[in-house]
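Just so it is clear, the model here is predicted, and its values are computed rather than measured. Numbering starts at 1 and runs along the sequence shown.
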Amino acid sequence: MSIRWSLVIPVKTLVAAKTRLAAATGPHRTRLAVAVACDTVSAALSCPLVARVVVVTADPAAAGPLGALGAEVVHDPDRGLNTALRTGAAHAVRLAPHEPVAALQADLPTLRPSELAAVLTAAADHDQSFVPDALDVGTTFYGVRPGVPFTPRFGGESRAKHLAGGAKELELTGIDSVRRDVDTPDDLRAAIELGLGRHTAAVVRLMKVLPPL
């Protein structure tokens, strides 16, 4: 039987979400942030190697739609991203102590279940592992085997932090959708080219600032 994972996805309070996209998104910024998170969660829940998705958020405007998709929602204690992830991971371990746990960024609007499955399959071979973002600076995925301390080091140059912490970098091909997080207009353009999920695509169609590719 394939190993199934608990995935923890942190979602910021929407007033603070995607501020670097403000000029490009205008009045649609918070709607875009919810849509991106919805596409991330939907794809994760569609992956056959995912047993559950735990969303950590303090924002009811995000909690409602994400819970409706099937995610379990845990309140964010608002003490930083890594504390939020540890809070979600602790909840997941209480539910399923013998399953591996992973953190996944919430801003992956192109995420494909098959590519996430490839990452989870590779991660199962290591005590702790991670996937760097498309720029090879940050991190989009961090996972641990059952019983291994969950010590995420997201924020800033987190690829280097995870390497320094002993996590194995998963050097896989064909996982572009797992690495393509969206923080800037250029990121969004690249995501459009890769192929957006339906929630994000619907919001992008309402936006007038981004030029066509």
Side-chain angles (χ1 to χ4, degrees), residues 7-47 50 53-71 73 76 78 80-81 84-85 103-116 119 131-141 154-159 174-213:
L7 289 191
V8 181
I9 299 179
V11 179
K12 288 182 181 178
T13 301
L14 296 178
V15 70
K18 300 301 164 205
T19 54
R20 285 185 283 175
L21 280 166
T25 56
H28 304 294
R29 178 170 63 89
T30 56
R31 186 182 299 181
L32 181 68
V34 173
V36 168
C38 282
D39 281 328
T40 304
V41 168
S42 294
L45 287 168
S46 297
C47 178
V50 174
V53 171
V54 178
V55 166
V56 185
T57 187
D59 197 323
L66 297 173
L69 291 173
V73 180
D76 186 347
D78 196 24
L81 174 57
L85 290 171
L104 189 69
Q105 293 283 39
D107 54 353
L108 302 171
T110 72
L111 185 63
R112 294 180 173 88
S114 60
E115 295 184 13
L116 177 59
V119 169
V131 171
D133 64 12
L135 298 178
D136 283 327
V137 175
T139 303
T140 59
F141 169 93
F154 286 84
E157 296 183 356
S158 60
R159 175 178 179 261
I175 59 164
D176 291 349
S177 75
V178 184
R179 302 183 65 193
R180 175 47 64 193
D181 56 342
V182 172
D183 288 314
T184 68
D186 284 344
D187 294 338
L188 184 54
R189 290 186 184 92
I192 292 169
E193 191 170 44
L194 193 57
L196 298 171
R198 66 179 183 89
H199 297 92
T200 308
V203 177
V204 167
R205 284 194 292 270
L206 299 174
M207 293 162 46
K208 308 298 184 183
V209 176
L210 281 172
L213 292 166

Trainee: Under the side-chain contact (heavy atoms from CB on, under 4.5 Å) rule, what do V137 and R159 come out as? Steps first, then yes or no, please.
Mentor: CA-CA 5 Å; V137 175; R159 175 178 179 261; 5.8 Å; no

Trainee: Which residues pass the side-chain hydrogen bond (donor to acceptor under 3.5 Å, both in side chains) test with D136, not counting sequence neighbours?
Mentor: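 Here the qualifying residues are R179.
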
Trainee: Rounded to the nearest 0.5 Å, how far apart are CG of L135 and CG of D183?
Mentor: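 Between L135 CG and D183 CG, I get 9.0 Å after rounding to 0.5 Å.
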
Trainee: side-chain contact (heavy atoms from CB on, under 4.5 Å) between L104 and L111: does it pass, once the steps are laid out?
Mentor: CA-CA 11 Å; L104 189 69; L111 185 63; 3.9 Å; yes

Trainee: If I compare all heavy atoms of V178 with all of L116, which pair ends up nearest, and what's the gap?
Mentor: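 V178 and L116 have their closest heavy atoms at CG2-N, 3.9 Å.
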
Trainee: Could you list the donor-acceptor pairs under 3.5 angstrom formed between side-chain atoms of residues 34-47 and any protein atom two or more places apart in sequence or on another chain?
Mentor:
| from | atom 1 | to | atom 2 | distance (Å) |
| --- | --- | --- | --- | --- |
| D39 | OD1 | R198 | N | 3.3 |
| D39 | OD1 | H199 | N | 3.1 |
| D39 | OD1 | H199 | ND1 | 2.8 |
| D39 | OD2 | H199 | N | 3.3 |
| D39 | OD2 | T200 | N | 2.7 |
| D39 | OD2 | T200 | OG1 | 2.6 |
| T40 | OG1 | V36 | O | 2.9 |
| T40 | OG1 | A106 | O | 2.9 |
| T40 | OG1 | L108 | N | 3.0 |
| T40 | OG1 | L108 | O | 3.3 |
| S42 | OG | C38 | O | 2.8 |
| S46 | OG | S42 | O | 2.9 |

Trainee: How close do D76 and A84 get, heavy atom to heavy atom, and via which atoms?
Mentor: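 Distance-wise, the nearest heavy atoms are OD1-CB, 3.6 Å.
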
Trainee: Mind listing the closest non-hydrogen atom pair of A71 and V55 along with its distance?
Mentor: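 Closest pair (atom of A71, atom of V55, distance): CB-CG2, 3.7 Å.
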
Trainee: Quick one, L7 and V54 - any side-chain contact, counting heavy atoms below 4.5 Å?
Mentor: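 No, their side chains stay 4.5 Å or more apart.
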
Trainee: Could you tell me which residues satisfy side-chain hydrogen bond (donor to acceptor under 3.5 Å, both in side chains) with R112, sequence neighbours excluded, listed by chain and number?
Mentor: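 By the side-chain hydrogen bond (donor to acceptor under 3.5 Å, both in side chains) rule, R112 matches no residue at all.
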
Trainee: List in chain and number order the residues that pass side chain to side chain contact (heavy atoms under 4.5 Å, CB included) with A103, two or more places apart in sequence or in another chain; answer none if no residue qualifies.
Mentor: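 Checked A103 against side chain to side chain contact (heavy atoms under 4.5 Å, CB included); matches are L85, F150, F154.
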
Trainee: If you apply the rule side-chain contact (heavy atoms from CB on, under 4.5 Å), what do you find for V11 with D59, and how did you get there?
Mentor: CA-CA 8 Å; V11 179; D59 197 323; over 6 Å; no

Trainee: Sequence neighbours excluded, which residues qualify as salt bridge (charged side-chain N to carboxylate O under 4.0 Å, His left out) partners of D133?
Mentor: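 Per chain and number, D133 pairs via salt bridge (charged side-chain N to carboxylate O under 4.0 Å, His left out) with no residue.
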
Trainee: Measure the spacing between CD of Q105 and CG of L81 and express it to the nearest 0.5 Å.
Mentor: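 Separation between the atoms: 6.0 Å.
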
Trainee: Can you list everything that forms a side chain to side chain contact (heavy atoms under 4.5 Å, CB included) with A202? Sequence neighbours excluded, please.
Mentor: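 R205.
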
Trainee: As an exercise, state the distance from CZ of R180 to CG of D107, rounded to the nearest 0.5 Å.
Mentor: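 If we round to the nearest 0.5 Å, R180:CZ and D107:CG are 10.5 Å apart.
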
Trainee: Within this structure, what is the CG-CG distance for the pair L194 and D187, rounded to the nearest 0.5 Å?
Mentor: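 Spacing of CG (L194) from CG (D187) equals 12.0 Å.
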
Trainee: Among all residues two or more places apart in sequence or in another chain, which pass the side chain to side chain contact (heavy atoms under 4.5 Å, CB included) test with A63?
Mentor: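 Applying side chain to side chain contact (heavy atoms under 4.5 Å, CB included) to A63 gives T57, V73.
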
